[in-house]
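Okay, structure first, notes after.
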Protein chains: 2
Amino acid sequence: MNQKNTKDPGSGKRQRYIQPSILMSLKLKSSYGYELIQEIQKLGFVEGSAPPGMIYRHLRQLEEEGMVCSEWHTEGAGPARRIYRLTPEGDDMLYSWIQYMEDQARKLKDFTEGYYRITGCQGTSHSIE
Amino acid sequence: MNQKNTKDPGSGKRQRYIQPSILMSLKLKSSYGYELIQEIQKLGFVEGSAPPGMIYRHLRQLEEEGMVCSEWHTEGAGPARRIYRLTPEGDDMLYSWIQYMEDQARKLKDFTEGYYRITGCQGTSHSIE
DNA sequence: TACATATATATCCTTAAAGGATATATGTCA
DNA sequence: TGACATATATCCTTTAAGGATATATATGTA
């Protein structure tokens, strides 16, 4: 059972919730791109390091939309950092995400419970044919 | 709170779990494209009618991959129907989807619970700034 | 017969999001 | 000096979904 198919769920370009992960990280603490790559791993949706291009693309887009704002920090060691901060609009957007994610979680739960209802309990064969 | 942002979660091209919805419908009952459009609505992820093009595209792709098989049914009223049936491989793939979806549901729950942990309980303001 | 409607499948193009490669610049340390 | 870690930026490709449109068959009805 559960052989490796050519196309496994999760192998494609599935939703990885990178945008809400960035917003959530920034709600906890203002930060910058390079650090966010590490931070968002802790939130569970991105395994390993997210490609930097994705993070910077999201940050630029979020700033365009007014969800975050940024300023250069040149003091301190190493190259200058662009520090991003969540705006009130971004805070609202994060809350919209939370509601969306709760809704998705509920639908997923209904779906998988429905599956186990027709196949018998979890842990037994999933086949009825 | 929760003003309408220019880009609301769920407005873009988010994951709608159409493939597992089709597999689940076919596990319950062999069916054909036109009927599946109605059936998968009941599974919660697709509101309204899914665009027919999406359904037929998925069915063709799933058949190519050996997850479903089909045969024409010409008897009965109306145009001929191509009846799709889940294969054992498709059954395995559905189970892979179930595991993936359970994992996603757990991550989503952790994420939203983490949010409420830092903002206070659900129902109060989501702002801490 | 002619036409409208419901049923049913198929094909096509566009857009959104993610994957992933690469370039550039700065400071530290051996 | 050269290697390395830090840090940002830009670019192109791939995948999945959105959505429009074409085609064909059977039925009811004016």
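This structure is a prediction, so every number in the text was calculated from the model and none was measured. Here is the naming used below: chain letters follow the sequence lines, and residue numbers restart at 1 for every chain.
As rounded to whole Å, 12 Å separates atom P of D:dA9 from atom CD1 of A:I37. Rounding to whole angstrom units, CG of residue B:L62 and P of C:dT9 are separated by 15 Å. Rounded to an integer number of Å, the gap from A:I22 CD1 to C:dA17 C1' is 13 Å. Taking atom CD on A:Q38 and atom C1' on D:dT8, their separation rounds to 14 Å, with Å as the unit. Distance OH (A:Y56) to P (C:dG20): 18 Å, rounded to an integer number of Å. The nearest whole Å value for the distance from the CZ atom in B:F45 to the P atom in D:dA16 is 17 Å. Atom pair A:Q61:CD and C:dA17:P shows a separation of 7 Å (rounding to whole Å applied). Summarising the geometry, the separation between OH on A:Y34 and P on D:dT8 is reported as 10 Å, rounded to the nearest angstrom.
Toward the 5' end of DNA chain C, the nearer of the two residues B:R57 and B:G33, judged by each one's closest nucleotide, is B:G33.
Residue-level contact check: A:R60 touches the bases, meaning some heavy atom is under 4.0 Å from a base atom. Nucleic acid contact for A:H58: sugar-phosphate only, since backbone atoms but no base atoms lie under 4.0 Å from a heavy atom of the residue. Contacts of B:R82 with the nucleic acid, taken as non-hydrogen atoms under 4.0 Å apart, involve only primed sugar atoms and P, OP1 or OP2.
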Nucleic acid footprint by protein, nucleotides 21-30 of chain C - heavy-atom cut-off 4.0 Å, B for base, S for sugar-phosphate alone: B----BS---
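In the model, A:S70 has a side-chain atom that pairs as donor or acceptor with a side-chain atom of A:E63 under 3.5 Å. For the residue pair A:Q61 / A:Y56, no side-chain donor-acceptor distance below 3.5 Å is found, with atom types taken as modelled.
Residues B:L59 and B:V68 approach most closely at O-CG2, 4.0 Å, considering heavy atoms.
Using a 4.0 Å cut-off, no side-chain N or O of B:R16 falls inside it from OP1 or OP2 of D:dA17.
Ring pair A:F45/A:Y17 is tilted by interplanar angle, where 30° to 60° counts as tilted.
Here the side chain of B:T112 pairs a donor or acceptor atom with the backbone of B:K109 at under 3.5 angstrom. In terms of modelled atom types and a separation under 3.5 Å, the side chain of B:T87 and the main chain of B:G66 share a donor-acceptor contact.
The ring pair (Phe, Tyr, Trp, His ring centres under 6.0 Å) analysis of residues 63-86 of chain B, with sequence neighbours excluded, yields no pairs.
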